[in-house]
Protein chains: 2
Amino acid sequence: MTTSKVYIETFWQIHRMIEEAGLQPGDRLPSERELAERLQVGRSSVREALRALELLGLIETRRGEGTFMKPFGEHQLIQLLGSFILQGNREKRDLVETKLLIERTCLQLACERMTEEKFEHIAQVEHTYHLFFRRIVEATDNYLLLRIWLVLHDFFEHVYTIDVPSEFYDEMSQALQKKCCVEAVAVYERYVMQNMSKDK
Amino acid sequence: MTTSKVYIETFWQIHRMIEEAGLQPGDRLPSERELAERLQVGRSSVREALRALELLGLIETRRGEGTFMKPFGEHQLIQLLGSFILQGNREKRDLVETKLLIERTCLQLACERMTEEKFEHIAQVEHTYHLFFRRIVEATDNYLLLRIWLVLHDFFEHVYTIDVPSEFYDEMSQALQKKCCVEAVAVYERYVMQNMSKDK
DNA sequence: AGAAGTTAAGTGGTCAGACCAGTTGTTGAC
DNA sequence: GTCAACAACTGGTCTGACCACTTAACTTCT
């Protein structure tokens, strides 16, 4: 009756096992062979289940050492999805546009939530676009947005190089310190968005 | 030197194969045995790679029949991820916020690019949030944004139910027809954003 | 005793071969 | 022409073997 596939079943059993044992990031799972014996299935089925857990970013396997719980939030998902998405020129155009839109949104949000402490954090950082904007996105205090931005930026860097004048960092810092969202967005639009659209 | 794992390598090779052959939803992939021989790897490695593709929602396997391309957008992954990732409230909060921000951004963009034809497309559609907003996001003519939105929305639906009054659709349609971005955003903020933030 | 090198056991990674359980298309009897 | 039986595929699973790598225990030498 239950034509449920073994590796699916195994997937859930391992998942339950993790929960019940209360495994924390860094903890080690039983070896593949032990899991196979304990769950009364073949090792290949265990492996297919583990692949799924790995893809979900729940576990990490280290050859010769074992299988370990991974820290929360490092989802393979978005990375993988991303690599499927980007293929043709059409996609590159979309990538640029999406990145600009999301950065502007993050900037606005970050500006609203900017605290003195966070501002210091940004002001001190080396003036590279990646580091600078990362701090900004982090200031949104939204981890999911950060993940999405990281992926977009990562892909972006493989296609284009970003080059903004040092005035950008200065003026942006000023706007952020004043917590003036409108000005921050204006600076962004002037130095980044216009820059990108003319570079194509 | 390249200790790259075979099943990872195989994963990408199959992915490339799919692209180059231009396989469409419904099309059949070579059998596992044939893939193994053609790529010169063991069948188990092929299977682990296929598991990953399956989890990503790209393919579907039918016992006795074969492996087939799956229609776009049916991510197995999402449902699984939902049960894992969206456990903490922090993650849910981020999800809601991100979805709202991206929808607002899409709405603005779509409004700018709205054509009469596209508007008809939207106006005709059944008044469910998913279908209605999907058309809006499609009107941005940015496939990457659409992908991101689909993922977010899928997640979201597993956690919350969206319920907006029918006035929302009417007023939004009006704003879109007038191509008035400001009004469209205002309608969105009134009916959706405020709604979500009070629901917690 | 302490340090350095060696060995053995354990782990994930991979492969080959076997068998099961379904599907499909062919064949052949009626 | 129909329909049942069969053969040839497909994915699903298990087993056992080997490789590459890590760790820890065990020598051995100084």
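Letters go in sequence order (proteins before strands), and every chain restarts at 1. Since we're looking at a predicted model, the values are computed, not measured.
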Practice prompt. Let me see the working for A:E32 and A:T67 under side-chain hydrogen bond (donor to acceptor under 3.5 Å, both in side chains), right down to the final yes or no.
Written response: CA-CA 8 Å; A:E32 297 182 350; A:T67 306; 5.0 Å; no

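Salt-bridge annotation for B:E48 and B:R51: absent, with no side-chain N of the basic residue lying under 4.0 Å from a carboxylate O of the acidic one. A:R134 has a carboxylate O that lies under 4.0 Å from a charged side-chain N of A:E138, or vice versa, which qualifies the two as a salt bridge. Contact check on B:E97 versus B:R93 returns no salt bridge, with no Lys/Arg side-chain nitrogen under 4.0 Å from an Asp/Glu carboxylate oxygen.
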Item to complete: Sugar-phosphate means primed atoms, P, OP1 and OP2; the rest is base. With that split, encode nucleotides 6-13 of chain D 5' to 3' as B, S or - using protein heavy atoms under 4.0 Å.
Response: ----BBBB

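Counting to the nearest Å, the C1' atom of C:dG12 and the CD1 atom of A:I14 are 14 Å from each other.
Of the possible polar contacts, none joining the B:Y7 side chain to the B:L50 backbone as a donor-acceptor pair under 3.5 Å is found.
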